[in-house]
Amino acid sequence: TAAEGQLRIAKQFGIVYLLLNVVEDQKLIEKHGKAAGLDIKVDYVQLSGGSAVNDALLSGNIEVAGAGVGPLFTLWDRTRGRQNVKGVASLGNFPYYLVTNNPAVKTIADFGEKDRIAVPAVGVSVQSRILQWASAKLWGEKDFAKLDRISVAVPHPEAAAAIIKGGTEITGHFGNPPFQDQELAENPQAHIVLNSYDVQGGPASSTVLYATENFYKSSPKTYNAFLNALDDAAKFIARNPDKAAEIYLRTTNSKLDPALLTKIITNPAVTFKVAPENTLGLGRFMHRVGAIKAEPKAIDDYFFADPRIATGS
Amino acid sequence: MISAATLSDLSVLELAEPRPRAPVRREAASARPASESGESPLLRIRGVTLEYRTPARVVRATHRIDLDIHEADRFVLLGPSGCGKSTLLKAAAGFIAPVEGEITLAGVPVRGPGPDRIVVFQEFDQLPPWKTVAQNVAFPLRAARSLGRREAQERARHYIDKVGLTPFADSYPHQLSGGMKQRVAIARALAMQPKVLLMDEPFAALDALTRRRMQEELLALWDEARFTLLFVTHSIEEALVVGNRVALLSPHPGRVRAEINSHEFDLGSIGSRAFQAAVQRLHTRLFETDPETRAPTRTTAS
Amino acid sequence: MISAATLSDLSVLELAEPRPRAPVRREAASARPASESGESPLLRIRGVTLEYRTPARVVRATHRIDLDIHEADRFVLLGPSGCGKSTLLKAAAGFIAPVEGEITLAGVPVRGPGPDRIVVFQEFDQLPPWKTVAQNVAFPLRAARSLGRREAQERARHYIDKVGLTPFADSYPHQLSGGMKQRVAIARALAMQPKVLLMDEPFAALDALTRRRMQEELLALWDEARFTLLFVTHSIEEALVVGNRVALLSPHPGRVRAEINSHEFDLGSIGSRAFQAAVQRLHTRLFETDPETRAPTRTTAS
Amino acid sequence: MNPGAVQRGPVPPIRPEYDRVLAPFVEAPVERALPRAARLWQQDWLRKGLIIAALALIWEGLARWQDNDLLLPGFLATMSALADGLVDGELLDRVRISLAVLIQGYLAGIVLAFGLTTLAVSTQFGRDLLSTLTAMFNPLPAIALLPLALLWFGLGSGSLIFVLIHSVLWPMALNTYAGFQGVPETLRMTGRNYGLRGPSYVLRILIPAALPAILSGLKIGWAFAWRTLIAAELVFGAASGRGGLGWYIFQNRNELYTDRVFAGLVLVIVIGLVVENLIFSAFERLTVRRWGMAR
Amino acid sequence: MNPGAVQRGPVPPIRPEYDRVLAPFVEAPVERALPRAARLWQQDWLRKGLIIAALALIWEGLARWQDNDLLLPGFLATMSALADGLVDGELLDRVRISLAVLIQGYLAGIVLAFGLTTLAVSTQFGRDLLSTLTAMFNPLPAIALLPLALLWFGLGSGSLIFVLIHSVLWPMALNTYAGFQGVPETLRMTGRNYGLRGPSYVLRILIPAALPAILSGLKIGWAFAWRTLIAAELVFGAASGRGGLGWYIFQNRNELYTDRVFAGLVLVIVIGLVVENLIFSAFERLTVRRWGMAR
Ligand SMILES: Nc1ncnc2c1ncn2[C@@H]1O[C@H](COP(=O)(O)OP(=O)(O)OP(=O)(O)O)[C@@H](O)[C@H]1O
Ligand SMILES: Nc1ncnc2c1ncn2[C@@H]1O[C@H](COP(=O)(O)OP(=O)(O)OP(=O)(O)O)[C@@H](O)[C@H]1O
Ligand SMILES: [Mg+2]
Ligand SMILES: [Mg+2]
């Protein structure tokens, strides 16, 4: 259904989609399309929830979707031989923190029966996968799901509120920016127990964009313009973090504290680039624990071939 | 009443036969009813058995009823409570299909209800509660007759006046007394000026005075329009006054016990010797409850 | 009926006075009703005006009604359709509060309904459709009297038999004819053996035979238990047979026009000279519709 | 009965008869206009207002007691957020967008419900179809319909309307059908006696007679349409920034502006109250109450 | 009327009178047992079965035509996933967990609805309270309650039940109240005449008389309880890995095992059908149908 010149992109809520906000605001895709002699009609669709995004992609209502790395592996695995969904680009490296307001908890081993760790979806979200991975490292592959028992699925906002204010059963939250940063900023008791980078062995892509093979093959010019635009945006943000923050606040109508936002963007652990980084490990882990059937062997197994991507890992 | 007869149409053929004015006839217990007289009845009820099916069982309401109602008849059904009068009326109206026998109207089997046979039901909830008295009376005129709005309203007003409810024309049914509700239903039926009118104890809820007025009204209208009336009542006097022929039904399940002529009585004859005698006769017949112990009383046409 | 009287309890004091048997008295048009005779009535209706409030307007159903119903009275309300008989009965039952005047029962103002005054309504939908005939009759016995299950059932069976519905004891109301439903309601009320029984045209839906039987039954029960009966009817004959005193109401809004004694008539007197004369008299009274043009007829107690 | 009493029980006294000439009735008008209608109305508002005020008080108290304004902001905080949102026009805009979709879905659901119920009252097949379909689809959550909606209607308001219809159709059909079944037999017969059948029978007899049940179906449908819309807007999101109230709630929830979330919810409540007290109850007063079909 | 006709219109013939002795009625039993009851029942199943089969066929056809089994798996694929899930016992386990919670919430909702409606029929304050509360809370989506549920009931089934009550209470109360209001005046008076008041009046008069409306409220409540449970389990259900059917659906949906998602939904449908056709319709047959209050 995808045709050259049409691009519908689904993004979810959050600062991890900053790259797309900049692309949208600066009309970068249109610019690169024109350069290639193509009028690209771009639509940005805001959706909430990974499965809604997947459904929209698989039903052909959008060309490009964004979600965590974990869902990409799942989608890639399930659509092999069908729609052949693969990654398009990374949206940058963000660390995910497991934050707790329980002073007794210093490492994940300290979580007791009374504690509850909030994640977006128990077992299947990126946060859960990383927690499983960390558990596997700590207690061995067999016990990778040990902490799933005290994990609960709570949407980020409620979980953040619970961590900040206390008074509920939730004592841990494996979130994402800006929630984790808000928790740390607003509750002096809150501290980091686990950093996803530590588990993944260094800075790693957190959110990625992906598309169907059909789009990749039938709209090469659009695809190319899109990647160029992302690349431009990544560079723009790296150069002008304040401007990027301003764009984010303006385009999303967000009322987030600008200082906190700038702090997140300029966090040295955060980088904006399109090349994926450190993703294969998670894929391999997921295969090991049986979450996906096929084993990803190399980056181009699950990312579409492109020179800007091939440098990734 | 004589229409173009085709050879295949038996009932019409029958119609063409000379009309015998049978004098007083004495019949044996097994005698067939009057239809043998040759005049083709408008509404012919032949061996009609009516039953109610409930989830648990089947109740037979009437058993093999034979009745002939001729055009312009004022035919009265008289019988004890629960003998199946209402059921029979509903069957004639087309609401209940016989399990045995057949009901024909002008030779055509009755298949369902229709505005050619307007019914006044026994129950008080036959008035749509969302319509005022005036709207209630105009309702079938607009629905079935597709009369103009103005015309229907005028006609409705006329008949509301006949039943004495003009001050309540704009009241809703729930603001009326039981007798007033029944009068609205009567006005509604009369306003339709139907060829066949089926009335189920229409005057039961009325006081003596109003009842008398309604009876007068009904008879005057009949005199004018000569519709065919099937009338259920439990008042012997009313049966004699309103009807020209009265059928007596037996207790549950209803069977026809007798038919009696009453065409010579009208409202004026109440209190007369002959009338009192007729009342007495019917009274006696009704009070003889045990059919086995009773010898057939020979009756004479009055 | 004589209970421990305290000085503060005026109505009981009145009760203790000697009971004067007032002979025939002729009264002027403005005369107060019989309560002056000194015997304290059980149910005293004093200047009672009853109104219905609808969202749009207020309808006056009865206007300043004065009636005294003594213990063991069989008091009949007779009047044209829509004159407020049912409304008055409902007020006595405690369902409608007077806007003027007061209703007292044994000296105590009536504040609401209660099982001391059992009502038979005019409408057919007074039977809970989810109860069989037997359950319907037993229902108030269990609810109000807290009779034992067995006892209530037995009593119910007895009264169902009295109204001739034993074969239908296990039928549901929707499986009954109109008259049968009314008979269930009657059985239910009688089974309660109430001190005060209020009946609103209970026999209107019944055929002559069944009606006669019901009247007999009611009078026999009264003879046995001497309850106080307030009875609405539109049949003059029935009024005379059932009642010992008949109140005539004027058309809408209802006012008391006359009270007449009828204690000397019973079922046996139907057809007698005196009875016919009484019927005729009431008939004439009812048929004089225009109150203005009519001179006051002086009546004599019969 | 009472063996110890006088043998035949009490005998009422014989009183004199009387007969009066009644003057024509002029003392009071037989009918007069109800005077206090207006005042009663005000009291109605007053009473309901008091209940709402009490609820607001309880809310504020609870919020203060819980002291967790990120999860449960107080009434006053919510009101000030609401005022802000209304003043800068954003909230009203969102409401407009949501209401436009809501009403389309609601009306479509009602029409379909009547169609299905009309089929059900006229044929045995329709009856089976209705009972099977409602039993099957009514318990299905919207996510079951999502794939179909996406395949057929895409991401626009088409899908929203589809999901709205799902939430309105079944309860509406169930209630309407129950209402139709409860129409007294005599009334049905009256209608058929006048030759009404098919749609005109449904329209002129069944619908008015079943109006109380239909009305409660409409209320339930209305409420569920709101619920579904707010939930579905999160999923179907906001193409080109045109999200409705649901999206507003979601967005502010994500930014932990819980007071604005509650402001959005309060708006839903206010709209619900307005619809209930102005539209539904006026409709009730003009119909079932006036007709004596409900008190 | 018809000036061209005979002057006074037709005159019926005068027929002879007759009078018969009727033998006692013995020809057929006045009442006899309905013979084909059993057969009719089978046909009922048959007809509904055919409808279901037709729907399955349409489903399979649609799925094949769309050819997108990650979005819309076919009927057969779903059935095999369902069979797998049932065989390894996982699905049944999930259903058990869900049903346990569902029934608690459902019953609590019903009880509360009756309490509220009883209050509403007895006092003006109750009436205002009911109409205000339903108008306010009925349109509120469950996410509005999420924070409150978290604060008050934590993450266990307490919160689930709280949300379930919210979904059952309002429609149930609305329908019950509408049913109560439609009880014929005469029947009410009968009950009050026998001295019934308060709860025993509600229990012995209003509830049975309003049963058709209550029944449709029960059906709607049941359906919405399911919908809500499945949506709510995503949030509250999976504490300590003991998630119910909703959790099963959610998890498999996230992992794109769409056939399992549909298997879970089919199970919801099957349970709905069983409840409708065994419980509700049996209840209907034993009550309103038997009493002639619905056909
Ligand atoms: N809906 C029904 N279901 C089952 N049986 C019924 C139903 N309606 C009536 N019956 C039965 O059919 C018989 C005849 O009833 P019907 O109403 O025709 O009597 P009726 O002659 O009109 O009596 P009434 O004078 O009391 O109105 C009664 O025995 C009654 O029990
Ligand atoms: N619910 C009501 N709302 C408004 N007006 C009413 C209501 N019920 C009765 N009325 C009016 O009150 C008057 C008296 O009614 P009621 O039912 O007491 O008459 P009734 O004497 O019993 O008549 P019937 O013999 O016809 O039963 C009537 O004029 C009627 O219009
Ligand atoms: Mg009848
Ligand atoms: Mg009356």
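For D:L215, no part lies near chain E; criterion is any non-hydrogen pair under 4.5 Å. In this structure, no portion of D:W222 lies under 4.5 Å from any heavy atom of chain E. Only the side chain of E:L55 comes within contact range of chain D, with heavy atoms under 4.5 Å apart.
Taking chain E as the reference chain and counting heavy-atom pairs below 4.5 Å, the highest number among D:V274, D:L140, D:T258, D:V268 is found for D:L140. Of the listed residues (D:W226, D:F224, D:W170), the greatest number of heavy-atom pairs within a distance under 4.5 Å of chain E belongs to D:F224. Comparing E:S167, E:A54, E:G182, E:G217 by heavy-atom pairs within less than 4.5 Å of chain D, the highest count is held by E:S167.
Inter-residue side-chain proximity for E:Q181 and D:P212 is flagged as unmet; no heavy-atom pair is nearer than 4.5 Å. Two residues are said to be in side-chain contact when any heavy atoms from C-beta on lie closer than 4.5 Å; E:M136 and D:V270 fail this criterion. Between D:P141 and E:L265, the closest side-chain pair of non-hydrogen atoms falls below 4.5 Å.
In terms of heavy-atom proximity, D:K219 sits nearest to E:N138 at O-ND2, 4.4 Å. When all heavy atoms of D:K48 and E:S131 are compared, the pair lying nearest together is NZ-OG, 2.9 Å. Minimum heavy-atom separation, D:F137 to E:R227: O-NH2, 4.5 Å.
Rounded to the nearest 0.5 Å, atoms CG (D:L151) and CG (E:L62) are 9.0 Å apart. Note that CD1 of D:I220 is 9.5 Å distant from OG1 of E:T134, once rounded to the nearest 0.5 Å. A distance of 7.0 Å separates CG of E:L133 from CD1 of D:I51, quoted to the nearest 0.5 Å. In this structure, CG on E:L174 lies 6.5 Å from OG on D:S216, to the nearest 0.5 angstrom. Atom OG1 in E:T132 sits 11.5 Å away from atom CD1 in D:I269 (nearest 0.5 Å).
D:R47 places no side-chain N or O within 3.5 Å of a backbone atom of E:F125 that could act as its donor or acceptor partner.
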